[in-house]
Amino acid sequence: MKIATWNVNSLKVRLPHVLDWLAANRPDALCLQELKMEDKAFPAAELEAAGYHAVFNGQKTYNGVAILSPHVPDETARDIPGFADEQKRIIAATIGGVRVISAYFPNGQAVGSDKFEYKLRWLAALTDWLREELKTHERVVLAGDFNIAPEDRDAHPDWKDEIHVSPPERAAFAALTELGLADAFRLFEQPEKSFSWWDYRMGAFRRNFGLRIDHILVSQALRTNCRGCTIDKTPRKLERPSDHAPVIVDLDL
DNA sequence: ATGGCAGTCGCTGACTGA
């Protein structure tokens, strides 16, 4: 079973890339972030024609998440229960017995800003919710754009901003792993300077000036099922790419 | 020291992203 995550930075613009990537990789679940569209604009018909069902949680201009699957998603849920939020950042569904969560974590803009405070509040609410979710679901996959580079090796050495690498953000990431969720990427030997996002500016992709901020976390019960986890840089090389690359975990299920 | 790129909204550049 292959589960992937990809921040597409506008599904409207990136739909051709997504369709090509689905055809080439045939994941059992693809979690998308930054749809930047309302639900009524979601390209459900095009995806159905490609053999993929979709559940989605969108809004105008910003945010928006989805899960695509060739299997029929079950038990679909949206947003973090009890956390009042206009921003559409969470969708969950059960696929093949796995609780899959597509998450678009807040950016945070700058340490100390209002958006940063929102990011930390959101992270605390997510962690509280997942603690409960893990009581009722043994197999959980949390996949998405975390907007956190968990360790120094996950950020290019020249990264000069504090956002994405600050101690409070890293502590929040650690709190998620302390629930028993493992960073699937780090269960395996990986190349040095493995990143999932590169700025559009400054030739950042060419220079591999990036961050590893897109992650797939797996619950304790799934850890031994992980056969591999990789970042696919192929679509980042296309014309008009997303600034993020897909991350894929291969599960023995 | 700043902006550099891209997408959205919508018509003038502002806002956001990371």
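Predicted model only: the values in this text are computed from it and were never measured. Residue numbering restarts at 1 for every chain, and letters A, B, ... go by the order of the sequence lines. Atom set for the values below is all heavy atoms of this structure, side chains included, hydrogens, waters and symmetry mates excluded.
Side-chain N/O atoms of N208(A) and H156(A) include no donor and acceptor closer than 3.5 Å. With no hydrogens or angles considered, a side-chain donor-acceptor pair links N57(A) and D79(A) at under 3.5 Å. Side-chain N/O atoms of E138(A) and S219(A) include no donor and acceptor closer than 3.5 Å. Side-chain N/O atoms of N9(A) and K36(A) include a donor and acceptor closer than 3.5 Å. Of the N and O atoms on the side chains of W21(A) and D232(A), at least one donor lies less than 3.5 Å from an acceptor on the other residue.
Looking at heavy-atom distances under 4.0 Å, I163(A) makes no contact with the nucleic acid at all. Using a 4.0 Å heavy-atom cutoff across all strands shown, Y104(A) reaches sugar-phosphate atoms only and no base atom.
Put simply, N63(A) has no side-chain N or O that comes within less than 4.0 Å of OP1 or OP2 on dT16(B).
Note: CD (E162(A)) to P (dA18(B)) measures 18 Å, nearest angstrom. The separation between H244(A) atom NE2 and dA18(B) atom C1' is 7 Å, rounded to whole Å. The distance from atom CG of L211(A) to atom P of dG17(B) is 15 Å, rounded to the nearest whole Å. Straight-line distance from the CH2 atom of W159(A) to the P atom of dG17(B): 13 Å, rounded to whole Å. Distance D145(A) CG to dT16(B) P: 17 Å, rounded to the nearest Å. Distance NE2 (H164(A)) to P (dT16(B)): 15 Å, rounded to an integer number of Å. Rounded to a whole Å, the CE atom of M202(A) is 13 Å from the C1' atom of dG17(B). The distance from atom CG of D161(A) to atom P of dT16(B) is 17 Å, rounded to the nearest whole Å.
Here the separation of dA14(B) from dG4(B), taken at their P atoms, is 12 Å to the nearest Å. A gap of 13 Å separates the P atoms of dG3(B) and dC15(B), to the nearest Å. Comparing the C1' positions of dA18(B) and dG7(B) gives an interatomic distance of 14 Å, to the nearest angstrom. Only the P atoms considered, dT16(B) is 15 Å distant from dG10(B), to the nearest whole Å.
Each of N147(A) and K160(A) was assigned the nucleotide of DNA chain B with the nearest heavy atom; the assignment lying further toward the 5' end belongs to K160(A).
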Trace of the salt bridge (Lys or Arg N to Asp or Glu O under 4.0 Å) decision for R170(A) with D154(A): CA-CA 11 Å; R170(A) 286 181 168 174; D154(A) 299 315; over 6 Å; no
Working for salt bridge (Lys or Arg N to Asp or Glu O under 4.0 Å), residues D39(A) and R78(A): CA-CA 13 Å; D39(A) 287 349; R78(A) 292 169 179 79; 5.3 Å; no
Sequence-aligned protein contact record of nucleotides 6-11 of chain B, with B where the base is within under 4.0 Å of a protein heavy atom and S where only the sugar-phosphate is: SSSS--
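When side chains are defined from C-beta on, E34(A) does not count as touching S242(A), because their heavy atoms never get closer than 4.5 Å.
One can find a donor-acceptor pair under 3.5 Å joining the base of dA18(B) and the side-chain atoms of N107(A).
The side chain of R89(A) lies closest to dG17(B), out of dG17(B), dA18(B), dG4(B).
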